[in-house]
Participant: 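Handing you a structure now.
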Amino acid sequence: MSIETYRDKLQSARKAEKYATRFERGPRQRIDQREQRAVRQILGELTECRSVLDVPSGAGRFLAALGAQDRLVIEGDVAQEILVFSRNRAEKSSVNSRFVRADAAHLPLANGAVDCVFCNRLLHHILSAQQRAIFLRELHRVARRYVVVSFFDYHAFGAVRRLLKTLKGRKPPYQDQPTLAQFRQEVSDCGFRVNKVVPTGPFWVAQKYFVLEKT
């Protein structure tokens, strides 16, 4: 999915609302719980982290976790419609927050503007390594020290994953996704060292978080 496709999906209030609430019920609710635990753990261990850019922020699902300990959270998303939901969530939770319309490949922030950038569920939609590098270098530019980015290790148990998706009538392009080793090399080439890789669930869960530091 391209940034243009994502933006076009949310160009009405109805579509934005459907997207904003998709993690509030069913299997996705359990995914949300796993992700929230992992993110709280990660942010709780980062030293000297007083500001976080969440991009793409979507409906602000991680506002409370990112804004703990009175951190400033900047919510950035390319779709203006979804930021309405993020603002509403921030008002209800009293998180110290700011909002900006932002394409993750061209962020309207200065170099080193925030202590940490949090980028969830974006790069696995970008199948080109060259395109992923554009995003990673932009995250590197605006982060003072840390970047936390999600990674989906689709090659682990790849045959089983493909079989299960086939039974559901789907053919995801797993073969075009980077392996764990390849992604490690990509982030290294973009100026990061891997602080740690944090799983979001049991060993068979594909999603992990890379905690990166600028070298």
Side-chain angles (χ1 to χ4, degrees), residues 1-10 19 22-23 26-28 30-39 42 53-58 61-62 76-79 103-107 117-141 143 146-215:
M1 178 175 67
S2 67
I3 290 295
E4 291 75 17
T5 302
Y6 171 81
R7 182 176 57 226
D8 293 344
K9 283 178 64 176
L10 304 178
Y19 187 88
R22 66 190 184 127
F23 281 92
R28 284 198 176 104
R30 293 192 292 274
I31 293 172
D32 176 62
Q33 291 168 353
R34 292 201 304 260
E35 291 180 339
Q36 297 286 352
R37 282 195 299 268
V39 171
I42 291 167
L53 169 66
D54 179 9
V55 63
S57 64
R61 187 160 60 94
F62 292 94
D77 202 285
V78 72
D103 178 340
H106 306 283
L107 294 167
V117 178
F118 175 66
C119 182
N120 191 57
R121 292 181 170 268
L122 172 65
L123 294 185
H124 69 293
H125 293 300
I126 312 300
L127 300 182
S128 162
Q130 290 76 19
Q131 288 296 314
R132 286 194 297 273
I134 291 173
F135 286 96
L136 286 167
R137 291 194 176 103
E138 184 67 350
L139 303 184
H140 183 282
R141 181 185 68 80
Y146 300 109
V147 169
V148 178
V149 62
S150 64
F151 172 79
F152 287 77
D153 188 9
Y154 288 129
H155 289 276
F157 308 102
V160 176
R161 296 185 197 281
R162 285 190 294 273
L163 174 61
L164 292 175
K165 293 297 184 181
T166 300
L167 293 174
K168 295 179 180 180
R170 297 170 59 188
K171 294 183 179 180
Y174 289 160
Q175 70 279 2
D176 298 326
Q177 297 283 349
T179 65
L180 190 66
Q182 287 170 339
F183 192 68
R184 280 183 176 271
Q185 186 61 53
E186 288 181 17
V187 298
S188 176
D189 291 343
C190 291
F192 295 105
R193 73 173 183 87
V194 179
N195 184 308
K196 65 169 63 176
V197 178
V198 178
T200 62
F203 64 90
W204 60 82
V205 174
Q207 187 186 14
K208 309 175 190 307
Y209 286 110
F210 269 64
V211 183
L212 308 173
E213 283 193 66
K214 296 174 66 168
T215 56

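Residues take their numbers from the sequence shown, with the count starting at 1. Source: prediction; values computed, not measured.
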Participant: Please report the closest heavy-atom contact between C190 and R137, naming both atoms and the distance.
Facilitator: SG-CG, 3.8 Å
Participant: Tell me, please, which residues at least two apart from S188 pass side-chain contact (heavy atoms from CB on, under 4.5 Å).
Facilitator: Q185
Participant: Pairs in or reaching into residues 172-192: which pass salt bridge (charged side-chain N to carboxylate O under 4.0 Å, His left out), with residues at least two apart or in two chains?
Facilitator: R132-E186
Participant: Give, for atom CZ of F62 and atom CZ of F23, the distance between the pair rounded to the nearest 0.5 Å.
Facilitator: 7.5 Å
Participant: Which distance, rounded to the nearest 0.5 Å, do you find between the CG of D32 and the CZ of R37?
Facilitator: 10.0 Å
Participant: Looking only at non-hydrogen atoms, find the nearest pair between G58 and D77 and report the distance.
Facilitator: N-OD2, 2.8 Å
Participant: What side-chain donor-acceptor pairs closer than 3.5 Å can you find for residues 195-203, not counting sequence neighbours?
Facilitator:
{"from": "N195", "atom 1": "ND2", "to": "E213", "atom 2": "OE2", "distance (Å)": "2.8"}
{"from": "K196", "atom 1": "NZ", "to": "E45", "atom 2": "OE1", "distance (Å)": "2.8"}
{"from": "T200", "atom 1": "OG1", "to": "Q207", "atom 2": "O", "distance (Å)": "2.9"}

Participant: Under the rule for salt bridge (charged side-chain N to carboxylate O under 4.0 Å, His left out), what residues qualify as partners of R121, not counting sequence neighbours?
Facilitator: E35
Participant: If you define the side chain from C-beta out and look only at heavy atoms, does anything of L53 sit under 4.5 Å from L139?
Facilitator: no
Participant: Applying side chain to side chain donor-acceptor pair (under 3.5 Å), which residue pairs with at least one partner in residues 146-160 are found, sequence neighbours left out?
Facilitator: T47-Y146
Participant: Measure from the side-chain N and O atoms of H124 to the backbone N and O of F152, and report whether any donor-acceptor pair falls under 3.5 Å.
Facilitator: no
Participant: Tell me, please, which residues at least two apart from S128 pass side-chain contact (heavy atoms from CB on, under 4.5 Å).
Facilitator: Q130, Q131
Participant: Is L123 close to L136 at the side-chain level, that is, under 4.5 Å between some pair of heavy atoms?
Facilitator: yes
Participant: Find the distance between CZ (F135) and CD1 (I126) and round it off to the nearest 0.5 Å.
Facilitator: 4.5 Å
Participant: Could I get the full list of side-chain contact (heavy atoms from CB on, under 4.5 Å) partners for Q182, not counting sequence neighbours?
Facilitator: P178, T179
Participant: Measure from the side-chain N and O atoms of K214 to the backbone N and O of G191, and report whether any donor-acceptor pair falls under 3.5 Å.
Facilitator: no
Participant: Could you work out, with ring-ring contact (aromatic ring centres under 6.0 Å, His included) as the rule, every residue matching F210, not counting sequence neighbours?
Facilitator: F151, F183
Participant: What pairs with R141 under salt bridge (charged side-chain N to carboxylate O under 4.0 Å, His left out), at least two apart in sequence or on another chain?
Facilitator: E138
